[in-house]
There are 2 protein chains.
Amino acid sequence: MKNGSGLHCDWIAVDWGTSHCRAWAMASDGRCLSEASNAYGMSRLAPEEFQSALLGLIEGWLGGDGTLVLACGMVGAQTGWVDAGYRGVPCAPRGDQPLKISGTDRRIDVRVLPGLRQDDPANVMRGEETQIAGFLSRTPDFDGVICLPGTHTKWAQISAGEVVSFQTAMTGELFSALTGATILRQTIPDDGWDEDAFSEAVSDAMSRPQALALRLFSLRAEALLKGLDGAAARARLSGLLIGIELAATRPYWLGQDVALIGAPALSAAYAEALGAQGLAPQAADATEMTLAGLTAARNGLKEVS
Amino acid sequence: MKNGSGLHCDWIAVDWGTSHCRAWAMASDGRCLSEASNAYGMSRLAPEEFQSALLGLIEGWLGGDGTLVLACGMVGAQTGWVDAGYRGVPCAPRGDQPLKISGTDRRIDVRVLPGLRQDDPANVMRGEETQIAGFLSRTPDFDGVICLPGTHTKWAQISAGEVVSFQTAMTGELFSALTGATILRQTIPDDGWDEDAFSEAVSDAMSRPQALALRLFSLRAEALLKGLDGAAARARLSGLLIGIELAATRPYWLGQDVALIGAPALSAAYAEALGAQGLAPQAADATEMTLAGLTAARNGLKEVS
């Protein structure tokens, strides 16, 4: 279809999380024609604002009736626009039956992909399954473990194209809460990094994970008594949290092929920590994998329709 | 001295922390004549407001010139009213040479007790040393470990009336940050308790401390998928954090006499967790020990003057 601005848009891909909404105008041949994003994540919107927030982002791409908008992420949570539910693992990460939202503006046909659930131990993901599907659409023979570092870092065991099981570590959110809502905000600056401090902290936390709460206060005490450098403190905090996570997830990654899907700087930190354990993880960009996953889901819709 | 309201006040004891200020009007025979407190902790005051915040609390107790006001806590920090410094361990917890604040209102003579410092590993305490001094003033032969649960839980090795070494776990502040500034605020209510959930979590965290970041997200996932009860979730979070702390501090408390100085409910949780390890800690109230410690310091001043 063609709109006033001359943009030919076959469908629209949307990644709508807690803090951001990102959309891509897609051509029928799979090319991305345009992209847009804003900070209207689910956590900032009341239910009656969901549609207008979306239209504000994509309205310029719309032409005739019923352009397909295929969305993943927290938009499909209980507290999102529609509860798109979960599919139980083991299963392929690509959802083929997104939930259609009824009663929308006639120019759009919004469908939301479900998340994944694991019953025992209880766990959920929403959004990461689409990144995993994107990765597997490009690397279909991958067998191993995919780590998706972030606010809630996911670790997924992949075999024969399926997510067999997964775990979640609250590492990113712990880092944010500690640097934003504790006495460490006086010690940890917003940026800065120290490679050696990071590596030492990873190693320390892997061998003595129980010391975490003591190590946290040490950052403060060393800043007070020994002038601990802010960049070193920040890298050490990150290393402590990633180290304790690697100690916990060792049964997942030990001896496995590992792929990292995340923001480049964070993935690089995980790659270094895993590298010290003798692994050589491959890395893929989170945003690229999201778009690849939404595209794979779009192609899946064509197959079933 | 005697003021207009007829109160005979020999000196005033003050515990001035980050979040609260508490004062006691003391008679020369050691009795407490009156007490008062407000929420003007150090974190809420600008330097020019310190004196008026104090006077607002104690003005009714003042008579003639130079009533002694003996204070402990964050009032003596770098960011407090005056930097009262630290004394290095090993040393007796009772500070005999509080720092006098110059230029105050003529009705008061404010003196601030120093904290304790440990150089290797770096650690500091400010306020807890006075509680320990209060405890030792009543139990002078105590030999063992004193645990002071709170925002920053302190563990102090006591021998021959001295603090030999100490550690700090950020357990209370971790609990607050997790329940206030992460996704767990949707899962953990402000109150509620489940004895079994607490005990199981302590045991779990002591045997698998590295799993902390995974266990944290499990609280959220079990609430979503299995309707985990809020009281159980709250007790389990507390148990996980206290459990990992006990795993870290085991070399301190194993085979030792342990005393707990803290708020009653929190001390009871620590007592139960330590009880499961075969210990029978004695408990003392934090506020009482603070006043006892300030009184001991007051008596120390008389000795040296």
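Proteins come first, then strands; the chains are lettered A, B, ... in the order of their sequence lines, and each starts at number 1. Here the structure is a predicted model, which means the values were calculated and not measured. Just so you know, these numbers use all the heavy atoms, side chains as well, and skip hydrogens, waters and symmetry mates.
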Quick check for you: among [options], which has the greatest number of heavy-atom pairs under 4.5 Å with chain A?
options	value
B:Gln186, B:Met206, B:Glu173	B:Glu173
B:Ser218, B:Pro121, B:Ser176, B:Ala177	B:Ala177
B:Ala247, B:Ser43, B:Ala122	B:Ala122

query = Between A:Trp16 and A:Trp81, what is the ring plane arrangement, given parallel below 30°, perpendicular above 60°, and tilted in between?
reply =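 Perpendicular: the ring planes of A:Trp16 and A:Trp81 meet at over 60°.
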inquiry  = Within a 6.0 Å radius of atom CZ on B:Phe50, are there more than 12 heavy atoms belonging to other residues, nucleotides or ligands?
reply    =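 Yes - once you tally the heavy atoms of other residues, nucleotides and ligands closer than 6.0 Å, there are more than 12.
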request  = Look at atom OH of B:Tyr252 and say whether more than 12 heavy atoms of other residues, nucleotides or ligands are closer to it than 6.0 Å.
outcome  =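 Atom OH in B:Tyr252 is crowded, with more than 12 foreign heavy atoms closer than 6.0 Å.
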request  = Kindly indicate whether a cation-pi arrangement holds for A:Arg126 with A:Tyr86, taking the cut-offs as under 6.0 Å to the six-membered ring centre and within 45° of the axis.
outcome  = yes
ask   = Quick one: does NZ or CZ of A:Arg220 land under 6.0 Å from the six-membered ring centre of A:Phe217, within 45 degrees of the ring axis?
value = no
Is [X] close to chain A through its backbone or its side chain, or both, or neither, when contacts mean heavy atoms under 4.5 Å?
X	answer
B:Ile244	both
B:Gln118	backbone
B:Ile183	both

task = Indicate yes or no: at least one non-hydrogen side-chain atom of B:Leu174 is less than 4.5 angstrom from one of A:Leu174.
result = yes
ask   = Are side-chain heavy atoms of B:Gln167 and B:Thr249 found at a separation under 4.5 Å?
value = yes
Can you tell me which of [options] forms the most heavy-atom pairs within a distance under 4.5 Å of chain B?
options	value
A:Leu224, A:Thr171, A:Leu228, A:Leu212	A:Leu224
A:Lys226, A:Glu222, A:Glu245, A:Arg208	A:Lys226
A:Ala205, A:Gly180, A:Ala169, A:Ala181	A:Ala169

inquiry  = Is A:Leu184 close to chain B through its backbone or its side chain, or both, or neither, when contacts mean heavy atoms under 4.5 Å?
reply    = side chain
ask   = Which bit of A:Arg250 comes within less than 4.5 Å of chain B, counting heavy atoms only: side chain, backbone, both or neither?
value =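 Neither the backbone nor the side chain of A:Arg250 comes within 4.5 Å of chain B.
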request  = Taking only Lys NZ, Arg NE, NH1 and NH2, and the carboxylate oxygens of Asp or Glu, determine whether A:Asp191 and A:Arg234 approach each other closer than 4.0 Å.
outcome  = no
